[in-house]
Amino acid sequence: MKRHIIPAIIALCLCSCSKLDLYPLDTGSNDSWYKTEDQMVMSIRGLYRTVFWPLDNDYWADDHQSRSNLNIITGGTINGESSEVKNRWQNCYKAIARANTILANLDNAQERLGISEEKVRLYRAQTLVARAAQYCILTTYFGDVVYVDKEISIEEAFRMGRTDKSEILEKVYADLETAAADLPVSYTGSVELATRGAALAIKARYALFNGKWQIAADAARRCMDLGVYELYPEFSKLFLASTAHASENILSWPRSVDLDITLDPGNVMGYCTRNRGGYASEYPSWELFCSFLCRDGKPIDESPLFNPHKPFENRDPRCAATIAEFGTEHLGVIYDPNPYSFNVMNNITGKQIKNLDCNSNSMYASFNGLVRKKGVDEDWVNNQTFKVAPDYVFIRYAEVLLIYAEAKIELGQIDASVLNAINSVRARAYGVQLSQTSAYPAVTALGQDEMRRIVRLERRMELAYEGLRYMDLLRWKLAEKALNQPNYGLLDNTGLKKLCDDGNWFFAYVPEIDEDGIADFSRLYEDGLCKIISKRNFDASKNYLWPIPSQEVLTNPFLGQNDNY
């Protein structure tokens with residue numbers, strides 16, 4: 001029996017078969033497993049492997065560029081055979097099947113294994129959160145899906161159709177509530193399992209994603225009121241590998257260089273500069289760069305503080321914390337993509353070196369002049385091994401604050417608590433206290449439309465490169481606008497030098513920002529001042545949902561397929 005040919009729905013009733021050998025260390029057949037409490041605990045911990053807790057690829061949204069390459073999302077080629085589609089579906093149902101088996105074995109665990117009632121309730125709660133998260137993920141991308149909350153037979157699996165998304169989510173919210181009541185606020189030691197705050201935060205996130213504003217606001221508020229989470233003092237250091245187990249992290253997992261649990265070195269090299277041996281092939285988009293507000297709280301096309309020739313000046317501090325500022329040290333070397341910057345200072349050696357991060361010296365320097373700084377430091381180079389182990393963070397406290405604010409804004413309940421939630425996040429970015437309103441552009445009471453725009457921009461500035469922008473575009477119905485814009489970048493070397501000679505480096509003039517916070521570079525392009533790197537494609541008639549994997553549709557005729565796939 002080969003596991004790679006078993007459809008995920010059928011696997012719901014087979015995943016405990018020892019022949020599958022999916023995760024032999026944390027699960028097995030009912031005949032040979034679940035015989036001790038230790039085996040039960042191991043199985044539950046297996047549900048918290050990061051493969052079952054995916055975040056979106058940053059490449060899928062408009063915050064990122066990959067040289068001239070597109071992917072199944074930005075290229076609009078996603079289909080039922082796409083590996084991302086199959087993997088997400090199959091991993092979710094693997095976890096659901098295992099959770100259902102665990103729950104079935106917990107029903108008589110007191111009598112059979114002598115586990116105390118308190119521990120049974122804890123284990124059930126941990127399992128319910130893991131299963132609920134899988135249904136949150138499935139419905140987010142596929143809409144209506146098969147809902148199973150018990151072990152089933154092969155015959156039953158072949159006859160199962162999809163359940164309405166709203167019905168599934170009602171069950172999910174109920175499970176998360178049940179779990180929250182029995183979960184601890186924290187664990188002793190480094191236990192990477194759901195807490196009460198995690199259950200509430202997950203409920204808040206996916207209620208927000210589905211427009212259930214009151215549910216989202218209430219869950220976020222209760223998470224905030226636990227009093228166990230706080231914003232990490234320094235935004236720029238929060239994402240470094242050296243900052244482990246930050247109090248801001250609500251659900252996260254450690255990585256380890258020693259255990260070889262790291263980011264993929266090839267991907268790491270894509271983000272690192274060429275002056276340090278990287279590729280500079282993955283980098284922030286101009287759209288993200290232009291989304292950061294100025295220090296007066298206004299967009300770049302409204303603020304008198306913005307200078308297109310010195311675009312990092314007078315910006316929200318998260319701009320330079322996310323994107324390496326020109327003329328400053330990054331990875332030990334001065335970063336300067338100006339075509340006349342032939343040599344730069346290597347502060348590690350104290351010597352000038354040939355600048356491989358400008359297109360005068362390297363045709364593969366960042367195609368738009370930008371490189372990522374958020375979370376990227378010397379640990380990423382790591383003696384040219386490019387092995388780095390930052391925490392894998394599924395959800396953190398700043399997101400919960402912004403979930404609360406957005407949900408309350410959509411409810412039309414804009415009060416001091418909403419302003420404090422947004423301003424707490426913004427004040428931290430400026431390195432000041434919430435009360436120091438003269439030291440940062442504090443948000444004051446405004447109308448619903450303006451507050452909606454503010455909280456959406458705040459999410460983009462705060463949460464860039466954290467796997468959330470793609471879903472924000474989908475749920476706000478902005479993907480058809482943002483993901484049909486071209487990727488723009490710098491002119492070739494001759495044209496870029498002329499741009500500099502004319503005094504027009506970096507931008508010749510201020511790009512316009514529309515009402516949704518999306519920058520428009522078409523005029524710069526039409527005036528010959530930048531070039532198109534690639535053209536994204538998003539089909540609004542189908543791409544707001546993913547297709548059901550083809551294999552699943554062929555195996556089970558009751559599934560059907562999402563529209564236009």
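Numbering starts at 1 and runs along the sequence shown. What you see below is based on every heavy atom in this structure, not just the backbone, and it leaves out hydrogens, waters and symmetry mates.
Of the charged side-chain nitrogens involved, at least one lies within less than 4.0 Å of a carboxylate oxygen, so that R459 and D472 count as a salt-bridged pair. The existence of a salt bridge linking R49 and E192 is excluded, since no basic side-chain nitrogen approaches an acidic carboxylate oxygen closer than 4.0 Å. Between R318 and E458 there is a salt bridge, with a side-chain nitrogen of the basic residue lying less than 4.0 Å from a carboxylate oxygen of the acidic one.
Of the listed residues (R536, Q485, R469), just one forms a side chain to side chain donor-acceptor pair (under 3.5 Å) with D62, and that residue is R469. With F506 as reference, F326 is the one residue of F312, F326, F306 to meet the ring-ring contact (aromatic ring centres under 6.0 Å, His included) rule. Between S534 and the options T74, N487, N69, a side chain to side chain donor-acceptor pair (under 3.5 Å) holds for only N487. Of the options R426, K374, R456, R428, a salt bridge (charged side-chain N to carboxylate O under 4.0 Å, His left out) to E462 is made by R428 and by none of the others.
You'll find the side chain of Y283 stays beyond 4.5 Å of the side chain of S66, heavy atoms only. R67 is listed as a side-chain neighbour of Y364, based on a closest heavy-atom distance under 4.5 Å.
Environment of NZ in K387: sparse, with no more than 12 heavy atoms of neighbouring residues, nucleotides or ligands closer than 6.0 Å.
Side-chain atoms of T328 come within 3.5 Å of backbone N or O of E325 as a donor-acceptor pair.
Side-chain N/O atoms of E37 and Y123 include a donor and acceptor closer than 3.5 Å.
Taking both residues in full, the closest heavy atoms of M269 and G277 are given as CE-O, 3.4 Å, listed atom of the first, atom of the second, then distance.
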